[in-house]
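Structure record follows, encoded as structure tokens.
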Amino acid sequence: APWRRTLIEWAGGTRPPAGTVAAEACLLVVNNSGAAFEIDSVRIRQCNHAGIHAFGGNLTVRRSEIDSATGSGIHEDFNATLSLDTTRIVGSGQEGLLAANPASHLPGMAGNVFLGNAVAAIHLVGHQLRGFKQQDSIVGNGFLAGGFGDSIIVDSGLVDAGGSSFTLHHQTGPYLFTGPIKVINGTVMLSRGFTAAFVPGAVFQVGDSTPGNDAQLVSQGTVDSQVV
């Protein structure tokens, strides 16, 4: 059964073998059997390091709030699978969501609020783009020196569309591609108002000449709401 209407606070911090380094979260999810775990309408606050470490298994977070973690609001790593919807991640000392391990999965993420997270709002890898849907708002993030503002950081990766289509949605922050992204086996649609930036050397490639790697790019931009 899901955890519901629970308050978790003033946890995380240090433990062996990390020594004096704060390396733990208020909630650690590690389930190598892959069993599903859900939290619903939970508040997690004042964490010494991350709010949630999702390091294995299948975790769903919905209708919850994570605020004032000194590290990332949620850090997904290793082979974890995370679904995240209608959740507020506010005031993290690092990223709101850090999910930059190519082995981790993000099958569904929509309707979330990222507000005032110090380094960046969201940090993903390329293959997770299929599950990254329209967010509610991304505002006031990345304000530290060297921070990334409200950008959605996307590291390099291969996006297999599985023979279907997916949409890169307009967000209240731009996408920032940091390395090569390649889409194969399907269609990627760029919604009206979609905005992206690229660091030097980053590219967004759609398909190639290899059998089975064909793909299409469809822009839904208009004169009044362009794709940039």
Side-chain angles (χ1 to χ4, degrees), residues 2-3 6-32 34-109 112-125 128 131-132 135 138-144 146-148 150-155 173:
W3 286 10
T6 303
L7 172 63
I8 303 171
E9 61 181 350
W10 300 105
T14 63
R15 72 171 177 86
T20 59
V21 177
E24 293 305 311
C26 273
L27 177 61
L28 171 63
V29 180
V30 182
N31 190 338
N32 289 328
F37 177 51
E38 179 180 334
I39 65 173
D40 187 342
S41 306
V42 169
R43 186 176 184 194
I44 299 174
R45 63 183 297 275
Q46 294 293 342
C47 302
N48 186 7
H49 195 49
I52 297 175
H53 274 163
F55 285 179
N58 293 272
L59 173 64
T60 297
V61 180
R62 60 169 45 100
R63 294 187 292 253
S64 295
E65 179 163 338
I66 302 165
D67 70 77
S68 56
T70 63
S72 301
I74 299 178
H75 181 186
E76 182 193 25
D77 208 343
F78 303 105
N79 63 345
T81 297
L82 173 67
S83 298
L84 179 67
D85 68 78
T86 53
T87 289
R88 288 171 52 88
I89 302 181
V90 179
S92 304
Q94 297 178 10
E95 301 88 350
L97 170 65
L98 175 60
N101 190 323
S104 63
H105 303 279
L106 193 70
M109 179 176 169
N112 302 289
V113 173
F114 293 86
L115 174 63
N117 301 289
V119 174
I122 301 164
H123 191 163
L124 308 175
V125 288
Q128 297 165 338
F132 188 69
Q135 305 307 306
I138 303 171
V139 179
N141 302 280
F143 52 82
L144 287 183
F148 293 88
D150 290 325
S151 296
I152 301 155
I153 304 167
V154 185
D155 294 340

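Heavy atoms only: backbone and side chains are in, while hydrogens, waters and symmetry mates are out. Remember, it's a predicted structure, so these values are computed and weren't measured experimentally.
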> D155: what forms a side chain to side chain donor-acceptor pair (under 3.5 Å) with it, not counting sequence neighbours?
Replying inline: H123, T178
>> Test of understanding: with salt bridge (charged side-chain N to carboxylate O under 4.0 Å, His left out), list the residues that count as partners of D40, not counting sequence neighbours.
In response: R4, R63
> Between CG of L124 and CG of N101, what distance do you get to the nearest 0.5 Å?
Replying inline: 12.5 Å
>> Once rounded to the nearest 0.5 Å, what's the spacing between atom OG of S72 and atom CD1 of I52?
In response: 11.5 Å
>> Would you compute the distance between atom CD1 of I39 and atom CH2 of W3 and round it to the nearest 0.5 angstrom?
In response: 8.0 Å
> Minimum heavy-atom separation for A50 to A69, with atom names?
Replying inline: C-CB, 4.1 Å
> Can you tell me how far CD1 of I44 sits from CG of L27, rounded to the nearest 0.5 angstrom?
Replying inline: 5.0 Å
> Please, which pairs that meet disulfide bond (SG atoms under 2.5 Å apart) have at least one residue in residues 36-88, sequence neighbours excluded?
Replying inline: C26-C47
> With sequence neighbours left out, what residues match R62 under salt bridge (charged side-chain N to carboxylate O under 4.0 Å, His left out)?
Replying inline: E38, D85
>> Per the salt bridge (Lys or Arg N to Asp or Glu O under 4.0 Å) rule, what does the pair list look like for residues 67-80, sequence neighbours excluded?
In response: R43-D67
> Are the side chain of T87 and the backbone N or O of E65 linked by a donor-acceptor pair below 3.5 Å?
Replying inline: no
>> Per the ring-ring contact (aromatic ring centres under 6.0 Å, His included) rule, what does the pair list look like for residues 89-108, sequence neighbours excluded?
In response: H105-H127
> Taking all non-hydrogen atoms of both residues, which atom of N79 and which atom of G56 are closest, and how far apart?
Replying inline: OD1-CA, 4.0 Å
> Should I74 and L59 be marked as a side chain to side chain contact (heavy atoms under 4.5 Å, CB included) after you check the CA-CA gap, both sets of side-chain angles, and the distance that decides it?
Replying inline: CA-CA 11 Å; I74 299 178; L59 173 64; 5.7 Å; no
>> Which heavy atom of A121 sits nearest to which heavy atom of I138, and what is that distance?
In response: CB-CG2, 3.5 Å
> Do you know the tightest heavy-atom contact between A54 and A80?
Replying inline: O-CB, 3.3 Å
>> Does N112 form a side chain to side chain contact (heavy atoms under 4.5 Å, CB included) with L97? I'd like the steps, not just the answer.
In response: CA-CA 11 Å; N112 302 289; L97 170 65; over 6 Å; no
> Which residue pairs pass the disulfide bond (SG atoms under 2.5 Å apart) test with at least one member in residues 67-104, sequence neighbours excluded?
Replying inline: none
>> Quick one, I122 with F132, criterion side chain to side chain contact (heavy atoms under 4.5 Å, CB included). Give me CA distance, side-chain angles, the key distance, then yes/no.
In response: CA-CA 11 Å; I122 301 164; F132 188 69; 3.8 Å; yes
> Say you draw a straight line from CG of N58 to OG of S83; how long is it, rounded to the nearest 0.5 Å?
Replying inline: 7.5 Å
>> Within the structure provided, determine whether R45 and E9 are in side-chain contact (heavy-atom separation under 4.5 Å).
In response: yes
>> Please enumerate all residues that pass ring-ring contact (aromatic ring centres under 6.0 Å, His included) together with H75, with sequence neighbours excluded.
In response: H53, F55
> Should Q135 and M109 be marked as a side chain to side chain contact (heavy atoms under 4.5 Å, CB included) after you check the CA-CA gap, both sets of side-chain angles, and the distance that decides it?
Replying inline: CA-CA 8 Å; Q135 305 307 306; M109 179 176 169; 3.8 Å; yes
> Quick one: does S68's side chain have a donor or acceptor within less than 3.5 Å of a partner on Q46's backbone?
Replying inline: yes
> In chain order, what residues pass the side chain to side chain donor-acceptor pair (under 3.5 Å) check against Q128, with sequence neighbours excluded?
Replying inline: S104
>> Holding to side-chain contact (heavy atoms from CB on, under 4.5 Å), I want the full list of residues that pass it with A118, two or more places apart in sequence or in another chain.
In response: F143, L144
> Who are the side chain to side chain donor-acceptor pair (under 3.5 Å) partners of N141, not counting sequence neighbours?
Replying inline: N117, D150
>> For N31, give me all partners under side chain to side chain donor-acceptor pair (under 3.5 Å), at least two apart in sequence or on another chain.
In response: S33
